[in-house]
Amino acid sequence: MQLPSYFQSKTKDVLKTLIHEKSTPFLVLDLSVVEHQYQELKNGFKPADVYYAVKANPADEIIERLVQLGSSFDLASANELKKVLKFNVEPSRLSFGNTIKKRADIQYFYEQGVRLFVTDSEADLRNIAQYAPHSKVFFRLAVDGSETADWPLTKKFGCSTASVIELAILAKELGLTPYGVSFHVGSQQRNIATWEHALIETKTIFDTLKNEHQIIFKMLNLGGGLPAKYVQETEKFATYAMQINKALMLFSDYTLDQIIIEPGRSLVANSGVLVSETILVSSREDQRWVYTDVGVFNGLIETIGECTQYPILFEKSSKTAPAILAGPTCDSMDIMYQHQPYHLPEDLDTGDRLYWLSTGAYTTSYSSIEFNGFLPLSYHVVD
């Protein structure tokens with residue numbers, strides 16, 4: 001079993017040790033990969049502030065390392081704020097990036113010194129005005145990148161161009177500072193042109209507010225969407241950076257205080273190796289089924305619809321053959337790959353281990369508390 005070269009050499013030794021000491025499944029996180037990804041983002045988008053989307057992986061060790069590197073943080077809840085505040089992060093490096101938030105949580109963020117809030121509705125905007133007065137607000141524009149993103153994010157979030165303009169005008173009337181626009185092109189977005197289309201639409205909003213309403217936005221938030229290393233191929237990071245930076249030239253006539261990117265998956269996914277054990281190999285209707293002790297409900301929920309296809313390594317080097325991969329629970333949804341079977345060793349047997357790469361994002365944070373009695377996915381760190 002050969003790990004990719006971007007892991008530290010000692011990561012494999014740590015895996016071997018943990019296999020003998022710990023029960024599977026468990027996740028191993030290589031913090032050096034997180035640091036490398038962060039530096040790559042900073043170098044690729046030099047004018048931008050990195051706001052890590054904590055929801056991707058809220059591990060204390062990741063947050064602490066990113067604090068040391070100078071990262072800012074995109075937060076979705078009061079609990080995420082509490083996690084970050086443990087590391088004495090300045091409130092100026094934090095944003096409340098969830099458009100759906102309780103009044104009490106808005107007030108709590110405000111009391112902790114946070115002054116940057118996202119919104120996409122009048123009701124939420126009025127709550128911000130009441131419970132976080134005089135704060136900066138930015139407006140989430142709905143962008144459709146569903147055909148080329150593994151996880152589209154348009155159904156629940158964002159509003160139209162016309163609505164962004166109306167909300168910005170209202171924000172000024174309510175005593176808030178209308179600060180800028182954000183969008184999200186969809187997680188694991190493979191079509192770089194989606195950012196260009198979103199930026200063209202955003203530029204229209206900037207111009208309309210400036211020319212017709214004397215409101216000048218000072219911030220542009222590019223959201224997330226940059227890819228991790230899964231089975232599905234994407235362009236190289238340098239290509240993403242080059243084309244997105246080129247599209248940013250649309251705003252050359254604006255003096256922006258901030259350009260923000262909100263990486264989650266692209267920052268932490270590659271750092272993870274999830275170790276699982278084969279529970280059973282059986283034949284059902286002339287198809288080989290491989291059941292593992294990790295599944296949809298205890299770490300691999302992003303395999304729903306077979307959207308995220310994780311690279312898998314194994315210890316045996318025999319000839320491979322197709323297999324359907326399923327998890328351990330008594331739930332028929334607990335099937336990871338059926339329509340796109342994976343090729344696994346023909347002699348794979350009970351007790352053999354599978355190593356799932358690029359599992360540093362949305363595995364521990366999505367893992368159920370105790371569905372079917374299976375414990376949440378544990379993790380270990382290689383520093």
* Could you label the plane-to-plane angle of the F45 and F237 rings as parallel, tilted or perpendicular, counting under 30° as parallel and over 60° as perpendicular? => perpendicular

* Structure fact -> Interatomic distance, CG@L66 vs OH@Y38, rounded to 0.5 Å, equals 7.5 Å

* To do: Determine, stepwise, if the pair Q37 / N270 fulfils side chain to side chain contact (heavy atoms under 4.5 Å, CB included).
  => CA-CA 9 Å; Q37 295 296 116; N270 298 343; 3.7 Å; yes

* Are side-chain heavy atoms of L222 and F183 found at a separation under 4.5 Å? -> yes

* To do: Decide if the gap between the ring center of Y230 and the ring center of Y310 is smaller than 6.0 angstrom.
  => yes

* **Qualifying side chain to side chain donor-acceptor pair (under 3.5 Å) pairs, either residue in residues 282-299, two or more places apart** => T24-D293

* Side-chain cluster (under 4.5 Å, hydrophobic types only) that Y51 belongs to, other residues -> L116, V118, F138, Y179, M219, I260

* Would you list the pairs meeting side chain to side chain donor-acceptor pair (under 3.5 Å) in which at least one residue belongs to residues 212-226, sequence neighbours left out? => N221-E262

* **Sidechain-backbone polar pair: Q112 side chain, P91 backbone, donor-acceptor under 3.5 Å** => no

* **Euclidean distance, T119 OG1 relative to N127 CG, rounded to 0.5 Å** => 8.5 Å

* Does a salt bridge link E35 with R65, judged by any charged N lying under 4.0 Å from a carboxylate O? -> yes

* Side-chain heavy-atom pair L348, L354 within 4.5 angstrom cut-off -> yes

* Asked: How about D49 and S72: does a side-chain donor come under 3.5 Å of a side-chain acceptor?
  -> no

* Structure fact -> side chain to side chain donor-acceptor pair (under 3.5 Å) pairs touching residues 245-254, sequence neighbours excluded, are D207-Y254

* Y110 ring centre to R115 NZ or CZ under 6.0 Å, with the angle to the axis within 45°? -> yes

* **Qualifying ring pair (Phe, Tyr, Trp, His ring centres under 6.0 Å) pairs with a residue from residues 56-75, counting only residues at least two apart or across chains** => none

* Distance under 6.0 Å and angle within 45° of the ring axis: does K82 meet both against Y108? -> yes

* Quick one: does D352's side chain have a donor or acceptor within less than 3.5 Å of a partner on T278's backbone? -> no

Please set out all donor-acceptor pairs under 3.5 angstrom arising from side-chain atoms of residues 92-99, sequence neighbours excluded.
unit_1, atom_1, unit_2, atom_2, d
R93, NE, S71, O, 3.2
R93, NH1, E90, OE1, 2.7
R93, NH2, V67, O, 3.4
R93, NH2, S71, O, 2.7
N98, OD1, I100, N, 2.9
N98, ND2, A76, O, 3.1
N98, ND2, I100, O, 3.2

